[in-house]
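All chains are named by letter (A, B, ...) in the order of the sequence lines, taking the proteins before the strands, and each is independently numbered beginning at 1.
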Amino acid sequence: MFLRTVLAEARKNIKQYFFTARALFWALALPLGNGLYLYFLYLPFGSRTVNLEFTSRVFTLDLAGFTLIGQLLYSFFTMMLLAGVAFDAERWQGTLESVLLSPANRIAILLGMALANTLSYVWLLMGVMFSWVMFLNVSVVISDLPALLASVLLSYLSLVALGMSLEAFCIHSRRAHMYVNMLQEPIMFLSGLIFPLQSMPEALLPISYLLPLTFGLISVRLTLLGGASIFDVAIPLTILGIMIIIFTASAVWLVGYAERNAKAKATLTQF
Amino acid sequence: MRGYSSAVEARELSRDYISARRNRFVGRKRTTVVKALDNVSFEIQEGELFGLLGPNGAGKTTTVKILCTLLEPTGGHAFVKGYDVVKEAKHVRSIVNMVAGGERMLYYRLTGRENLTYFADLYDVPRKEVSSRVNKLLELVGLSERGNDEVEKYSKGMKQRLQICRGLINDPEVLFLDEPTLGLDVNIAKDIRRFIREEIVREQGKTVLLTTHYMYEAEEMCDRVGFLNNGRLVAVGQPEELKRKTPSGFSVELMVIRLTDDAFEGLKLLKNVTKVIATEYVGETEGEKIDRLIINVESDKAVPAVLDYMSAKHCRVVSVNLRGPTLEDLFMFYTGET
């Protein structure tokens, strides 16, 4: 029943939010435009490479690849934020009660929402990567394929786990979408998406290290563009693994707490 | 199967809504408590169609939401088929469903068929049965031909019929219907009432709790009714039994021209008149306004005295209608609403 609920929820959300030509167009156009903006921001400085310092080593990465990975991971992060807001949409369209009226597993519902956004992300991913590789000539340096795959997988799972926590938070709070939207810009800045982490003011670094996006960016950029091995990215991968456990556990706890709390305070339908 | 005496049982059910508001951004929060339900107890038997009646804000929807696990009570207990709606909520959810009035609880960008299939998955309806059950339900409510259209293209009545299909998708043992005909055309509402009474209750033998503030609807459909007023259950029983028990006896409906306040107040003091429930403006004749009075009298012998009194007060009675009490009279008697 768990898997059936996941797939049903995913199908519903894809049909609701992504299955129109207009939605597909904008899912592709917006991140593409945003990524190009980042790329061209660097060009006046005259360098086609970016130095990324990590654990006392300096990796020289291709600029186009640096911005590409940044944009792709950020787009996925945004997709997970949107998955979070999906529960809020259920509330305002009056369907949250009909979902919670069923005996379906709540975690399966959260996963289904995240899966729908993942599938639509694949479309975005293909489109953006094609454009980048075709027009910007990304220079890829892979020396450890398992390290790259582990980086992509753990980054993906950590962001899904974060998205599930946000979804559960949306059952709890009627203002959750506002908080979720407020997260976007600061995280874009703090995660090292636009510029390497070593350029960040030291006072802000502790906050950066709380974000799964930060470690996802480091590990994927280094393994895809810098030829890093599994040992070079062992620390970010371990932290991502810990974050997956923490965010999944918080989603499981929060969804139960949020539902009980909403039923106690009668906030399932009211705004 | 757990032993139980009633399909649905509410024991001293209470629900408070608490809202806290801070005055001008700072300062202490002011807390307001609204008692939506106050020690409500009732039972619904297997296969019974029970009507919960009351004016807006009486606590009908709150009761339904508690019974189908969407809201927690602040006091008391409730059981569905012997399962506690708070402690065994997951089990209760698998044997109940709820249909609300209005146009909520459906996905507008999905087709009718997709909506039903989605909910069938959530309720883990056996895969082999999903397609046939969806087709059967769509056919039952006359939506077979529109099943593949997006719900946003449906009329209000069609959406409501699809909602009923959604409510039946898990073949629930107990169905909660919260104002299912709210805002519908007369003919569509009549079809839906017939469907609930004939198909859901008589044919399928399901237990149904219906909330409504349309008295004719309750009179036409319900085996037993309960009157909720200000969160309290003020009467429960079969409509005929309540009519007999209620001191409203007979009702005299008068259409009166030139009714004065003095005459209206004096009516209440007449012998054998138990209650003058309402006076409302209903229209005009020959340039004069007509008021409608419903007067509860202990026996039909009081009618001549009432007419004599109206004549003595120079009020012109244009029509007299003597009838036994209706649910509407009971509603007004128990709730004080007109």
Side-chain angles (χ1 to χ4, degrees), chain A residues 1-20 22-23 86-87 89-113 115-116 171 174 255-271, chain B residues 15-20 34 36 61-62 64-66 68-74 85-86 88-100 102-111 114-115 117-127 130 150-152 163 166-167 169-170 172 176 178:
Chain A
M1 186 187 176
F2 188 90
L3 185 62
R4 193 176 174 190
T5 306
V6 172
L7 295 176
E9 195 62 41
R11 267 197 306 271
K12 178 196 81 183
N13 279 285
I14 287 173
K15 180 79 197 284
Q16 279 220 112
Y17 301 118
F18 305 113
F19 203 62
T20 63
R22 191 177 297 173
F87 250 134
E90 297 271 356
R91 195 196 296 275
W92 60 251
Q93 71 188 5
T95 47
L96 184 58
E97 283 190 332
S98 56
V99 173
L100 296 183
L101 188 63
S102 75
N105 186 297
R106 288 12 184 177
I107 297 298
I109 293 172
L110 300 186
L111 262 177
M113 288 179 165
L115 180 64
I171 301 178
R174 286 173 287 172
V255 74
Y257 168 77
E259 190 175 342
R260 280 193 304 277
N261 192 60
K263 286 177 180 178
K265 291 186 175 170
T267 54
L268 283 181
T269 47
Q270 297 167 355
F271 273 91
Chain B
R15 172 71 212 196
D16 296 338
Y17 289 111
I18 301 164
S19 63
V34 177
T61 300
T62 299
V64 166
K65 285 190 175 176
I66 289 174
C68 64
T69 79
L70 286 174
L71 194 65
E72 284 189 4
T74 45
V85 299
V86 177
E88 297 163 297
K90 192 169 181 188
H91 197 94
V92 172
R93 285 196 288 265
S94 65
I95 56 171
V96 305
N97 212 327
M98 193 255 266
V99 174
E103 296 175 66
R104 298 178 293 130
M105 298 182 113
L106 292 169
Y107 295 95
Y108 281 23
R109 289 189 187 173
L110 268 56
T111 65
E114 285 168 340
N115 264 285
T117 306
Y118 165 71
F119 285 107
D121 287 338
L122 290 196
Y123 281 95
D124 204 22
V125 172
R127 283 175 198 274
V130 173
E150 275 95 8
V151 172
E152 61 192 356
Q163 271 236 56
R166 185 193 55 72
I169 194 71
N170 60 325
F176 297 98
D178 188 18

So which of [options] has the largest heavy-atom pair count under 4.5 angstrom toward chain B?
options	result
A:P103, A:A262, A:A104	A:P103
A:I109, A:L101, A:V99, A:T5	A:L101
A:K15, A:M1, A:K12	A:K12

Inset, instruction - Name the region of B:I18, side chain, backbone, both or neither, that has any atom closer than 4.5 Å to a heavy atom of chain A. - result: neither
Legend entry - Interface moiety of B:R127 toward chain A, non-hydrogen atoms closer than 4.5 Å: both
Inset, instruction - For the residue pair B:F119 and A:S98, establish whether any side-chain heavy-atom pair is separated by less than 4.5 Å. - result: yes
Legend entry - Side-chain touch B:Y118/A:E9, heavy atoms, less than 4.5 angstrom: yes
Distance, nearest 0.5 Å, that separates [atom1] of [X] from [atom2] of [Y]:
X	Y	atom1	atom2	value
A:K265	B:L71	NZ	CG	13.5 Å
B:L122	A:N105	CG	CG	11.0 Å
A:S102	B:D121	OG	CG	10.5 Å

Inset, instruction - Identify the heavy atoms of A:T95 and B:M105 that sit nearest to each other, and give their distance. - result: CG2-C, 3.9 Å
Legend entry - Short side-chain to backbone donor-acceptor contact, A:K263 and B:T69, under 3.5 Å: yes
Inset, instruction - Using a strict 4.0 Å threshold on nitrogen-to-oxygen distance, state whether B:E72 and A:R260 make a salt bridge. - result: no
Inset, instruction - Step by step, work out the side-chain hydrogen bond (donor to acceptor under 3.5 Å, both in side chains) result for A:Q93 and B:Y107. - result: CA-CA 8 Å; A:Q93 71 188 5; B:Y107 295 95; 5.0 Å; no
Legend entry - Derivation and outcome, side chain to side chain contact (heavy atoms under 4.5 Å, CB included), residues B:E114 and A:R11: CA-CA 10 Å; B:E114 285 168 340; A:R11 267 197 306 271; over 6 Å; no
Legend entry - B:R109, CZ atom: more than 12 neighbouring heavy atoms under 6.0 Å: no
Inset, instruction - For chain A, find which of B:M98, B:H91, B:R93, B:R15 contributes the most heavy-atom pairs closer than 4.5 angstrom. - result: B:R93
